[in-house]
Structure formats: C-alpha cells, structure tokens
Amino acid sequence: MNFAFSDDQNMLRDQAAKFLAARCPTSAVRKILEGEATWDKALWDGIVELGWTGVAIPEAYGGLGLGHLELCVLAEELGRVLAPVPFSSSVYLATEALLLAGSEAQKQAWLPKLAAGEVIGTFAVAEGAHQPTSRSLAAKVENGRLDGVKLPVPDGLIADFAVVMARTSTDAGARSASLFIVDLNGPGVTREAVKTIDPTRNHATITFKGAPAEALGGTGEGWALSEAVFDRAAVLLSFEQVGGAQTALDMAREYAMGRYAFGRPIATFQAIKHKLADMFVALELGRSNAYYGAWALASGSADLPVAAAGARIAASEAFYLAAKENIQTHGGNGYTWAYDCHLFYRRSKLLALTIGSAPHWKELLISRLEARNAA
Amino acid sequence: MNFAFSDDQNMLRDQAAKFLAARCPTSAVRKILEGEATWDKALWDGIVELGWTGVAIPEAYGGLGLGHLELCVLAEELGRVLAPVPFSSSVYLATEALLLAGSEAQKQAWLPKLAAGEVIGTFAVAEGAHQPTSRSLAAKVENGRLDGVKLPVPDGLIADFAVVMARTSTDAGARSASLFIVDLNGPGVTREAVKTIDPTRNHATITFKGAPAEALGGTGEGWALSEAVFDRAAVLLSFEQVGGAQTALDMAREYAMGRYAFGRPIATFQAIKHKLADMFVALELGRSNAYYGAWALASGSADLPVAAAGARIAASEAFYLAAKENIQTHGGNGYTWAYDCHLFYRRSKLLALTIGSAPHWKELLISRLEARNAA
Amino acid sequence: MDFEDTPEEAAFRAEARAWLEANAPSPEDARKMGRETTNEAESLKRAKAWQAKKADSNWACLHWPKEFGGRGATPIQRVIWEQEESRFAVPRGFFEIGLGMCGPTMMNWSTDAQKQRYLPKMLRGEEIWCQLFSEPSAGSDVAGLRTRCERDGDDWIINGQKVWTSGAHYSDFGIIVTRSDPTVPKHKGLTFFFIDMKSPGVEVRPIKQISGTSNFNEVYFTDVRVPDSQRLGKIGQGWEVSVSVLMNERLAVGDAPGPGFDEAFALAREVELESGPAIRDSNVRQKLADWYVQSRGLKYTKFRTITALSRGAVPGPEASITKLVSATNLQNIASFGMDLQDMGGSILDPEVAPANAIFQQALLYSPGLRIAGGTDEILRNIISERVLGMPGDIRVDKDVPYNKLPTGKA
Amino acid sequence: MDFEDTPEEAAFRAEARAWLEANAPSPEDARKMGRETTNEAESLKRAKAWQAKKADSNWACLHWPKEFGGRGATPIQRVIWEQEESRFAVPRGFFEIGLGMCGPTMMNWSTDAQKQRYLPKMLRGEEIWCQLFSEPSAGSDVAGLRTRCERDGDDWIINGQKVWTSGAHYSDFGIIVTRSDPTVPKHKGLTFFFIDMKSPGVEVRPIKQISGTSNFNEVYFTDVRVPDSQRLGKIGQGWEVSVSVLMNERLAVGDAPGPGFDEAFALAREVELESGPAIRDSNVRQKLADWYVQSRGLKYTKFRTITALSRGAVPGPEASITKLVSATNLQNIASFGMDLQDMGGSILDPEVAPANAIFQQALLYSPGLRIAGGTDEILRNIISERVLGMPGDIRVDKDVPYNKLPTGKA
C-alpha cells in the first residue's frame, strides 16, 4: 500500500509552490478584491505556460497526459494562495465535462484549446440564490436555442464558453434537463458581474436570449452528467480547500506565537492552543478524505461518488473552520480589511457553496451509501 | 414584570433543600443503585408527610391547593439530589392526567388518595426501545379489557395504578388511541423489572392480559391527552433537570478547585474554566426556559405547548452536558463506580428520554411554532 | 411570576407612551438619525435635535441621577422606556458611549465644576464623547497599552495610538487611559484623562472592516497637550478608573444584531430544496428549534436579570452570556442561511439574495461580534472567574515592570 | 497512490495468511481467549498457549528485533499481519502492554542478562507484564506521583499506591516509576524499576467503572522490597525512562471500540419514527454523513501514517487525533442511538434494546475513553505542542522542590 503522492508529484508541488509564491502573493489577490481587475490575467498566462491547464488532458488532445493526481497537487497549491484565476471553472468543470461527455468531435474542438489556454470555460447550473432543482430549473433549450438566466456563474465574465444546464422537457424529474455548450462571446448572451461574498473570484449573471446551444451528452442526461462532473470537481476543489485551510492554520499559528498578551504569547493559552488543535484535526480529516477522493478519481474507482462526497464534506468543513477561527485567533486585527484573514474566510464559504452546499452533499453521500448497501 | 419565585416559594425551597439534604444524601441513592431496594420508601413517606404529593391538587380533592410554581420549586430540589422516589410518575404524570382528563367521579376517587400518598400512579405509553407511534401501538382495549405489553414503565414495580395508552381503533392516526386507568394490583397484570441505564429509578415491563381498564378522557383522545400531560410533565421535569445540572456543575467546580496538577489547581487551566463556563451558559439557558415554562403552566397560558417544548429541550441539553463534562472534569476518578459523577450522568440521559427524546421535542416545537404562525 | 406591570409600572409606561406619541419623529425621520446612513452630518444634526427634545422633557437619560438631568430611574423603568421607545425605532447610536460610559466616569472622577460644564451638554447631545482604551498591541489585555503621557509643567503630553474607537471622528471629547510610568508593573503605571478631541495632534482615521464598512477608528496622538486639570483620578490610578468604565461596557452589550431565529424560520419557509420546502426538512427543523430555544433562553435570562435588578441586585455577568451565545449563533445562522441557498448562497446582492442578503452580510460582520467588546475566550474567562469563582489564569506579568515585559512581534 | 500490495508485501501477506489458516483457533476458541470473559483463568491459559504457538513460528511480536524473538518487521508488515490476524478475531489483550510497552523498556534500559531472562518469556506469554504509572493524585500529571522508594542496602523499599493498572491481578511483573527524592523538582526525583508482582506487600484491588465492569486495578505497595539490580536507568532518571515508555503508549491507542457509523446506519434503517423510517429523516442522515466522513478520515489518516512510517518517518501524533475524534464520536453516537429509540432508549437489557444494547453500553463506557490514555484536554495539548510546535502551558512547578508543591484536597 502506498497512500501518498509520488516523488515526481511532490517535485511538481515544489515547483508550483515556488511559482505561486513569486507570482501570487496576497497583494495580487487584493488587487482583485479592490476591483482593480476582474482576475489575474498575468498569473493565468504563467499557469497556461506551465501547462497546468492541460495536466489531465490526454496528449492526443493536446494535454500533458499526466493525471488527476497531478491536478490535485496543483489544486492544493492554488488553494493555498487563493489564486484569483478561473482554474476551477475551466479545468475542474468545463474540461472535465468535455472529457466525460464530449463527442470525439467536441473533444477535438475544445480540449486542445483548453489545454493551450486559448479558451476558458465554465459551468452554469445555478439560477439564483436557491438550490437548482428539477422543478425550479427555468433555462430551456428549444431548437438549439437557449433562453434563461444563470447566476452566479463562476468566472462568468472571463470565460469564453459555458457548459450550461437547461431544461429539455417540461416534466420535472431526473431526465428533465440536458447539458449544452454555449459560446459566451456569441449572439444572445449578455453578461453582468454579480456581487458575491468573495470579490476575489469573478461571478456573473448571464442572460441567454436565443443563444445557439450545442448539446453535450445525451438529451435528458443533464442532471446525471452534472452530478458526475461535480463529483470530479468535488475532489479537485477539496484540495483547494485543504490548501486554503493549511494557510489559515499556519497564519493563526504564526500570529499566536508572535502576539503577546498578559506578558506571554497568546499561543500559551489553552483556549488558543486547543482551538488550533481542533483546526488541525479537522484539516487532517479533510486532507485524508481528499487523498482518498484523489485515489478514487485517478484510479477510476467505482467508489468515486462516495469518495468525492466525503472529500467535499470534510474539506469544506476544515477550510471554513480554519478560516473562521483564524480570524478569531487574530482578535481585533482579524476582522479588519487590512489583514488577510478575511480573504480566506470569504473563499472558504464560497468554495463550500460553489458546487452545492454541505447539507446537499451529505444527503448525496447517504443516498449513495444506501445504494451501495442495497447493491 | 416579575420573573422570579416569590418569597414564600423560596421559603418552600429552603425547607425542601434542608429536608432532602438530611434525608437523601447520595448514600441513599446508592442503596438503590446497588439493588438494596427498588426505591427509597422512607424518603417517600417523608415527602408524603410534607404534603408534596398534593401541592398542586386543589383543596377540594384533598390537596394543598398551592400551584404548579410550588411544584416546580420542589422538582428542582428533588432533581438536585436525584431522589429515588416515584414523584415524577405519580405527581407530574398520573396526577396531572387525572386533573386534566378525569371525570368528577374519577377525580374524587383518585386525587385525595394521590395527595395523601395512599396510592402511587404512573403513566404507561412506551412499548419497547422505539418511539411509540400511531402505527406501532400494539396495546389495545376491547370491552374494557386491556391486552398488551408496556415497557419501560417508570416506577412500574412501585405504582398502584397506571394511566395506560392503548389502541381503540384499528386505524393509524391521531385518534387511534385512548387513555385508561388500570389497577396494577388487579387481575391480568404481570410486572417484571427492566434494566435501564439508571438503576436508581425503577422501571418495569408490565404485561396486561385482559386487565380491567377504565377510560380516562374520551375515546380517541389518547394521543392528544398524552401530549397535553407530557407538556405539563416537561415543565416539571425541566426543573428536575436544572436541579441535577446545577449539582453536576457544582461538583465539577469543587473538584476543579481542589484537584492539583502541574502544581496548580486544574481550575486554573482554560480548558477546564471554559468547559465549566459552557456548562454554566447551558444551565442558564435551561433555567430561563424552565422559568418561562413554569409561568406558562402556572398561568394557564396558551403558550404552554411552545414553552414546555422549549423548557424540555434546553433543560435536557443542560443536564446532559453538565453531567457528561462533570465526569470529564473529574478525570480518572470520574468514571469510577465509587465517585458519584455517573449517578448524574445516568439520570441526565434517563430524563432526556423518559417522555420522549430531544429530536422528538424539537420536531414538536417547530410544528407548534408553524401552527402559531399560521394562526 | 407575572409579566404584567405593577400599578406604578403601568403609570410610568403610560407617561412614557404619551410623551413619545406626542413627540417622537415619524419612522421616516427616525431612520435619518442613524449612525449608518449615507449622510452622517445630516443624521447627526437630526439626532442632536431629538436628544435635546428628550432632555427638555427629562427623557434624555433615564439612569443618570436627577442632579445631572437624568431621571434616577429604576431598572424596570429603563426597560419600560426602551420597550416604548423601540416602537418608534429612533436610533440612539451617537450618544450611547457618552451617556453609558463617559458620563458615569465623569460623575465619579471629575470635579464639580467639570461636571457642571460637561454633563449637561453631553446629556443634551450638544457634545459627543468617545472612549479611547484599546490599542493595536493591547486588545484583550487592555492594561498592556503603550500610549505614553509625560508631565510638562501643568500639562501632560500624549503620544501613541488608540484603536477601535467608535465615533472618534464626530466626537468632541474622549476619555483616555495612558501610561505615565513604564518602570512599574503594568497596572500600576497608568493615568486617566478626558481630552478635547479637537486638540492639535489628534488624528482620526477610519478602520475598514471585513464587511466593508467603517464603524471604528484608529486615533493617533502626536504631542497632544492635555491640562493636568483634565486628569481623572490620581497619577497611577488609571487602571482603577478604567475598570469602573469597563463595568459599564458589559452592561451595554446586547443581542447580536442580524438574522436570528425569526429570519431563519422565514427563510426556511421561503426556500425550496429538491426534496420540497426547506421547512419540511427535519435537519432544518432541528437547527431552528435549537436557535429558538437559545434565543428564548437569552430573552428570559434578561427578564430574570431585570427582576433581580429591580430587587436591588448588582448587575452580574448576564451580558457576557448574551454576547457569547448570540454572536456565535449569528455566525452559525448566517452560514446556515447561505447553505439553504446552496450554489447561489454566495450572492451578496440584496436585489437577488433572499431577505436582502442579510445572511450573507451577517456572515461577513459576525466574526467581529465574536471579538469586539470581549472575545469569546475573554467572556468564558469572565464567566468562570466572576460567576463561578474560579481562579484567574496564571499571571506572569503581575510583578514585572512594564518595560521589562516581552512584547512579541504582532 | 495505490492500495495494492507490492510484490514483497503480497509475499508477506501470503505467508502470514497461510500460517494463520493452518494454525489459528476456531472463532469459538478465539472468543475464549479474551480478557473480558467470565472465566478469566481459562481464557488466560488458552491465550498463553496461542501466544506460545505464535512464538514458535516467529509470529509472536512482529516489531521486536530478531535477537529477542521478534521479526524486525516493517510498519507495513505489522499492518498486514494485523489485517490478516483480525480476520480470525483472536484477542491479544493479555499481552499488549507487555509486548508494546514493557518489552521495549526492558530492551532499552535493562542489562543483557535481564533481557535474556525476561524477554523470551514475555514474548511467549509465559510471563505477563503490567505498567504502574498513574496514581490517585497523579493522572494527567504523571510526574506528580507520590509513591516513595527508599534505599535500604542493596534493596529499595517501595510504599504508595498506583491506579488504573490494567491486568495487575494476572501479571507476573510490572514496570514502575517511584519518587526517590522529594526535595528536588518533581521530574528530577524519580527512579524507575521493574518488580515482581508476587512480591510481599503488593496488593491488587479491582476498580469498578461506570459500566459496572472492572478493567483496571488499584495496586497498593506496603514495604515492598525491590533489589537495586531491578532499577532501570539511573537514580533520578525515572522521568526519562517513563517518557520513553509513554511514547509507546500513544502508538498503541486505536479507534474507540463500539458502535460507529455502521451500527448507527443499521439502527437508522431498523427504527421507525412517527414520520416513517428513521433513515429517511434528514436530521439523521446529516449526522450519519458526518460520522461516516470522520471515521473515513481517521482510516485514511492511518493509511497515510503507515505509508510515512514505511518510508522511515518517525511516528507522529496521529494516534492522538484518532483517540480524540473517535472517543467523542462514540459518546455522541451512543446518545444519538438512544435518542432514536426515544422513550425506550434507556433500556439496557440486550434482549430488548436494538443491537444488543450496544448504544446504551457505549453511553456508559465512552466517558472513560475520553479520559484513559490521555484526556481530551491532554490530547489537544499534545497536538498543539508536538505537531504545531506551540509552547507548553505556563509551568509553576518546574523549579520547585516536589515537597513544596501545593497539592489540594482531591
């Protein structure tokens, strides 16, 4: 048994960490926070140059043909620095959707461009501040034309195309929707920024009025396909979350060691020590579940749905706890705009929601365990 | 506004505390724990002599004609010392059921005897280790004869009669059951002790085979009546729980102040200080909810169902937390049979279950708030 | 036990209600008196006018003694007034620190002449006061403060920085604690003043919080000159004065503002999940029940406190319980509300998110409520020490000269 | 990442499996080797026979060096052996403390002659060992122990009391730490021995726990004579020896035994609530999900640890995480299971309560698991200090002579 990343993968990690430390300090993230730009284009160009956008794309489609374990390594490092780039939208979601459901022609058309960073993709399911359900889904495609409003669409102002979930049947239920590829620079598309709790990642409201839409996967397979895409993204995001939680814990530790009150470092108070111990425990549980998810994803295990839900639940919990209690450890400074604590807090809650909330994933997990148990 | 007990009530409290300190030290509770007796008959006789069994029974029926606030005061003191007597079964449940649903003749027949301690009553709903539901209820009454098995019946070996819930309709649903008075010393009744987590309070399995059963309240009103009885008992039990939680917290505090480790009292460690602070907070929330329940019960407020659920939820939580963390504060000694910590832990979980678990009461609370909101 | 007014209480309530009904501003005007409006100067003007009006009829500050224009009211009377006044939603934010903390401090520690000079104007809202205690390196450990005062003839020269000063930018005066002697243990070398906030060398800068708003300031002191006559208490007695002020702070802290049980209940009734209405989801219902019971527990604890106060009891640590429970619950409710909104829960736009995005906003400001006015950790210390009588934390700084204490880097 | 055996691992697994299949006792016989049977003497006899059989084929103790009859196995090999052996459910309880803690201690600190005399019999289960550290007034603070040793010619005389000694009543030998000099700071005045548990003056009494069972003992020492040759380490070096023993204890602690996710999941599928099957209740489902994820997290953390150990890493604090999380979860799951059983949840009779009343039993024994082998609080200290590198608690006892330390009354 070997439950660790390989030497090559760890070397990739070191390179990524070095690159990101140089190119993505929190000052870069703060530029996006302050609205100086929508995203860090220069950082993205560097990422593309390193080939990260094509890490898990087969060589036949212009990728590096490495695997998902390498992608997990990169995700953790990107999460550690809160990289303000559309990596998750384009790589974990759009690319994975194409790998999973694309026809040969679609793969040929899109994957090389995605790998080369010539296009950026995203995935558009939500339609407002509520759970998208088979009853509520309003966007619809008829005769190859999409009508509807999607929000929040991650990186919606940045992406060139979106994989969009839309209704293709008037019935509710599991086969009511399908996935479509839509050119966001094409006709019938209007985009507008939407404010979220984390301004360091762009989100948009996208209005479609008769926008040309090309089916991705079979008719009626929208819910099933998006679930499968989200499982893959859940594992990759869990590494971003673990990375973010690790930084938040490191920050809390460093601050507690250097901050003195009552003549001693606050790190000598059990209230602080035990808080950080709890953060560490949650992080370890998150990391270990993420590792199992990585194994399931990379090995094509039938256990992926369960493993992905486990990774998502544990990593979401770990990051939110670490980010929240990092603020608390920082005391008054922690809730100022000037300190970086809030950047991690914002991101932790954003990531905990972006492909569905924890209660949703817990429900999924138990359904899947019931199904496994019944099988 | 006046949200406190009166001077007279506080005088009653002082008298009760003095009496119980003398007559019910933990050594008395331990006799029941060790199986030397089923209950503390001598203590009960003293309680009867003081008239506590008739505190809330009107003078017309032989009681003292005081009110439920006085009963709350006594309940708190009884809870504080874990009195191993059938007070809750006989007074909070059987007596309240008769006050609530008894015909004039039934009141005349039973209340004076209950007040005088000549008979002890109990209330029998559960039929095993599961929630009693309108589908599962098996005990039934036909032609005035009861058949079925009830367990655990609190004080089942001690009581002279029981108010029993039994099916009177083959349909499921809210009107499937009725309440009956059954003489436990009469024909068709077999009783056997059943082991629970708290041996300091007797519980029994009672098997009824054609036992004569006299209706209490209307046919089909069993579920509604038992809910109303449980609301009243919930408030009274919440005071027992608050009393128990207070003792557990006091024990933890005293131990922490006197136990030294690393050259200092363990009460100087934040891990212990903050644990006790959390116990205190839960206790205050429990106590305040219990007070509101007492007011609602004593004043006949229409808010009783909501107030009772609040009191039960908060007090159950407070006692369980205090009892559990009192053990933890005592360290190794805490989980020995010889220290008294476990007596409170056992009782806390017993009381948290005896008229239905916390999830059940939380569900009830929200249903009641929905109903109030709709009204 | 009884929720009804006594005859005396009923009479007082009638009097308060009658005056308010005759004099209170319209809801629209009331809104324009808040601290958090876009036009602060206009709000301030209106709020001052309302405060003066209250003062004219002796409603400006019920708990102050009559000799300073207060009403010497009982705790129950204060509660009744608050209940009645709250029906008109008139903000009191501009004056709370002055009337709640600075006024009592002046009453206790200043000269009769100073009381005559400052208290009436404070009461009428003509002059606004702030409190200057916290420093960047002295938060929970207030006595670790660094701001220096040095004697210069009849004056003192103050240098240093204060932080978390609410209202410093519109305040006329402030109370401040400073270090006069760094060579003695830290609690012993402090001296307390009141100062004119318009003095040369006082610079106020807003602090931006996570939520994006700036409810607090940093205040910098560069060679600020204060006459010795504005010293409150003796030289070196500053800690004693500060403690008397902080006792008042604990009383002032109330429930965390923002979404509570009611808002969460309403959201659950509004939101649809794949399984159906969220309010039918038992996980949602169990959580709602917990929050209901806790919020009611706080409410009834307050009733118990008021009853005790009205019988002459000394204020206890109940405010610590309220803040500890309600700030934590607020953060949890905010997070829960966002989870109910699932993928779209991150939307902060009040036009889009349910309930005008109060859940999202609360997520951003609730961390501050777990810190300001005493962190969760300090509150648990207070409860364990002042209520349960447990010993204080081991002190390594008690007998060490201030300037020999380790300070770290943060 | 890979869950498959390497070729070497597969070969080792095949060897272990083959031997076990040829030699392991039947499930029925295996059950009779447990510590918690009604006939302990019979169990002990059978367990010793099985241990001797394992020793004959070199399977008695994989991690001991070969020179003492071990196998010098890699961490991965130990795990593989445990996996294979666990299929036969053969209890190892009688020997765990000896092989896990006393043996390594003797290897490190005793003479060659002693190693030759004691280790082989320990390995074969011919002689059973126990560990005598905790005392009534020294639990988390082991070094605060009071048991005295006094020099008397070539011997030492021991007086005092130990507590929480697992297996003392059937042990032949024990390792013990005692105080030789109460006039120096507490860590410096300790001396360590191994002793013959059958020595005159040793009295063993069982401790009854909440659960009603007695898994531990008190051991009283009255003028017990121990030859100086049985001293391990120098006079005054007892703390150093103890720490080396305790490092082994942390490794040995595993998951809390009792109902976990699987049992809670099964219960939820069995139980009917008024609303329908409990497993359809979303509150139940959310809780189950949490426990599943946490138990899996512990499992995969163990995999990560094994991988790291097999690459030469030093054992870390992972066992602390496991114990902290699993003991707390066990208590919560027990309480949850009883709540699901509602009014009848208090029934302890295994004939009546679902799952043979394991939830009720776990409620009663789980508090002990949060304490024994390191309390929750000590474990959090360990994680913060040894993993996160945070400073220790303020020590007031470090430089004070033991006999000048305050002791309290408990």
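We use all heavy atoms of the structure for the numbers below, so side chains are in, but hydrogens, waters and symmetry mates are not. Letters go in sequence order (proteins before strands), and every chain restarts at 1. Source: prediction; values computed, not measured.
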- Query: Between C:Trp19, C:Trp81, C:Trp59, which is the residue that forms a ring-ring contact (aromatic ring centres under 6.0 Å, His included) with C:Phe12?
  - Reply: C:Trp59
Which portion of [X] sits near chain B, non-hydrogen atoms under 4.5 angstrom:
| X | value |
| --- | --- |
| C:Val79 | neither |
| C:Arg13 | neither |
| C:Ile76 | side chain |
| C:Ile80 | neither |
| C:Asn381 | both |
| C:Glu385 | side chain |

Please flag which part of [X] lies under 4.5 Å from any non-hydrogen atom of chain C: side chain, backbone, both or neither.
| X | result |
| --- | --- |
| B:Asp278 | side chain |
| B:Thr268 | both |
| B:Ala4 | both |

- Query: Hey, which of C:Glu9, C:Glu4, C:Arg269, C:Gln294 has the most heavy atom pairs under 4.5 Å with chain B?
  - Reply: C:Arg269
- Message: If we define contacts as heavy-atom pairs under 4.5 Å, which of C:Ser282, C:Ser310, C:Pro391 has the most with chain B?
- Response: C:Pro391
- Kindly state whether the ring of B:Phe5 and the ring of B:Tyr291 have centres lying under 6.0 angstrom apart. yes
- Centres of the C:Phe303 and C:Phe3 rings: under 6.0 Å? yes
- Item | Given C:Leu298, C:Leu330, C:Thr301, C:Leu379, the one that forms side chain to side chain contact (heavy atoms under 4.5 Å, CB included) with C:Val325 | C:Leu298
Between [X] and [Y] (salt bridge meaning N to carboxylate O under 4.0 Å), is one present in this structure?
| X | Y | answer |
| --- | --- | --- |
| C:Asp339 | C:Lys287 | no |
| B:Arg80 | B:Glu77 | yes |
| B:Glu317 | B:Lys362 | no |

- From the list B:Leu364, B:Leu276, B:Leu249, the residue making the most non-hydrogen contacts under 4.5 Å with chain C is B:Leu276
- Task: Mind telling me whether B:Phe3 and B:Tyr292 have parallel, tilted or perpendicular rings, with 30° and 60° as the class edges?
- Result: tilted
